[in-house]
Amino acid sequence: METKDILLDLRTKNGLSQEELAQKVFVTRQAVSRWETGETIPNIETLKLLSNIYDVSINTLLGSPQELICKCCGMKIEDCDISRDKDGNYNEEYCKWCYSDGNFTLDFWKQYNNTSGIEKFEEFKKQIISEINEILVKEKLPKVENLNVLSGSFINLEYKFPNGEKVKLLDDKASYLGSQLEPENKNDRCIGIAANMDFILICSYEENGNNPEIIVYKKR
């Protein structure tokens, strides 16, 4: 649907007249009419107000022109998964599991955001991606292009050593920079990557994380 049709549909579903909506977003009735005929679209501040009134994202109001991806964990975000800032407005950059009420929830991201800021965090990601790719090239594996912040409980696989001992190398309660490299052939194993400030772990495993094997475990 186009923006004009979405705005008309939402206003109608919420039982508002053009005049009533205009009063709520501090514009004239004529402005609302022009939105619904496609002559103009609301400015960003008005879109924020409409987003709150209708409880939908700005992306939805604009006809979903882009696929929303969480900048923290890399998950595709639907409207029901979008995080909110302290003022209650949608924050369409993150999912609600990684960011809530103006705060990051995963310790890895939170630590960098609170101490060094997002720019320093991105610099650290670039540095560790470079270190990981050096290892991957030596192992004749494809390079990784991006890393997301992932919960340890999600990627903490159990490895079996030759002596029969089983061990997990990550902390379920911590979070890590990680990624999965999909196999080129259906029968090949996936490559998993997990890293933090102290180490880099590269492993391989079958579908659903079955039969994992450590390729490299390296302290930084």
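What you are looking at is a predicted structure, and each value in this text was computed from that prediction instead of being measured.
Using a 3.5 Å distance cut-off with no hydrogens or angles, the side chains of T46 and N43 do pair a donor with an acceptor. A side-chain N or O of D87 and one of N89 form a donor-acceptor pair less than 3.5 Å apart.
Remark: L170 CG to I155 CD1 distance equals 5.5 Å, nearest 0.5 Å. The structure places CG of D79 at 8.0 Å from OG of S51, a figure rounded to the nearest 0.5 Å. Going from atom CD1 of I191 over to atom OG of S179 covers 11.0 Å, rounded to the nearest 0.5 Å. Of the inter-residue distances, the one linking E92 atom CD with R84 atom CZ reads 10.5 Å to the nearest 0.5 angstrom. For the atom pair T28 OG1 and Q18 CD, the distance stands at 10.0 Å (nearest 0.5 Å). In this structure, SG in C203 is found 8.5 Å from CZ in R189, a value given to the nearest 0.5 Å.
Taking 4.5 Å as the limit, every side-chain heavy atom of L177 sits out of range of all side-chain heavy atoms of I132. The side-chain heavy atoms of V216 and I200, taken from C-beta on, include no pair separated by under 4.5 Å. Side-chain contact check for Y90 versus N52: every heavy-atom pair is 4.5 Å or farther apart. Counting heavy atoms from C-beta on, the side chains of C190 and E182 come closer than 4.5 Å. Counting heavy atoms from C-beta on, the side chains of D5 and D9 never come closer than 4.5 Å. Between I82 and C95, every side-chain heavy-atom pair lies at or beyond the 4.5 Å cut-off. In this structure the side chain of K125 reaches within 4.5 angstrom of the side chain of N146, judged on heavy atoms.
Around the CD atom of E207, the shell of radius 6.0 Å holds no more than 12 heavy atoms that belong to other residues, nucleotides or ligands. Residue E2 qualifies as open at atom CD: its count of foreign heavy atoms under 6.0 Å is 12 or below. At most 12 heavy atoms of other shown residues, nucleotides or ligands fall within 6.0 angstrom of atom CD1 in I41. Heavy-atom contacts from other residues, nucleotides or ligands closer than 6.0 Å to CZ of F154 number 12 or fewer. Remark: E145 CD is loosely packed, at most 12 non-hydrogen atoms of other residues, nucleotides or ligands lying under 6.0 Å away. Under a cut-off of 6.0 angstrom, the local environment of NZ in K24 is sparse, with at most 12 non-hydrogen atoms contributed by other residues, nucleotides or ligands.
Counting only distance, with no hydrogens or angles, the side chain of K166 and the backbone of E158 share no donor-acceptor pair below 3.5 Å. Between the N196 side chain and the F199 main chain, a donor and an acceptor come within less than 3.5 Å of each other. No donor-acceptor pair under 3.5 Å is formed between the side chain of K160 and the backbone N or O of N211. Under the 3.5 Å distance criterion, the side-chain polar atoms of R29 are left unmatched by any main-chain donor or acceptor of S17. Side-chain atoms of S175 do not come within 3.5 Å of backbone N or O of V149 as any donor-acceptor pair. Side-chain atoms of Y176 come within 3.5 Å of backbone N or O of D171 as a donor-acceptor pair. Looking at D85, its side chain never comes within 3.5 Å of a backbone N or O of N91 through a donor-acceptor pair.
When hydrophobic residues (I, L, V, M, F, W, Y) are linked wherever their side-chain heavy atoms come within less than 4.5 Å, the members clustered with L16 are M1, I6, L7, L10, L21, V25, F26, V27, V32, W35, I44, L47, L49, L50, I53, Y54, V56, I58, L61, L62.
Residues T12 and L8 share a closest heavy-atom pair of OG1-O, 2.8 Å. Scanning all heavy atoms of the two residues, the minimum distance from K86 to D101 falls at CG-O, 2.9 Å. Across all their heavy atoms, C70 and I77 have their closest contact at N-CD1, 3.3 Å. The minimum heavy-atom distance linking L169 with Y217 is given by the pair CD1-CD1, 3.9 Å. L181 and P142 make their closest contact through CD1-O, 3.4 Å (heavy atoms, listed as atom of the first residue, atom of the second, distance). Across F161 and I214, no two heavy atoms sit closer than the pair CE2-CD1, 4.1 Å.
Among residues at least two apart or in separate chains, side-chain hydrogen bond (donor to acceptor under 3.5 Å, both in side chains) pairs with a member in residues 127-139 are Q127-E131, E131-R220.
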> Does the pair F124 and M197 meet the rule for a side chain to side chain contact (heavy atoms under 4.5 Å, CB included), with working shown?
Replying inline: CA-CA 9 Å; F124 173 75; M197 292 177 287; 3.9 Å; yes

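Each of Y94 and I69 belongs to its own hydrophobic cluster when Ile, Leu, Val, Met, Phe, Trp and Tyr are linked at side-chain heavy-atom distances under 4.5 angstrom. No path of Ile, Leu, Val, Met, Phe, Trp and Tyr side chains, each step under 4.5 Å between heavy atoms, connects I135 with V137, placing them in separate hydrophobic clusters.
Salt-bridge formation is not detected for the pair K4/E36: no Lys NZ or Arg NE/NH1/NH2 atom is positioned less than 4.0 Å from an Asp or Glu carboxylate oxygen. The pair E45-K48 meets the salt-bridge criterion, with a side-chain N (NZ, NE, NH1 or NH2) lying under 4.0 Å from an Asp/Glu carboxylate O.
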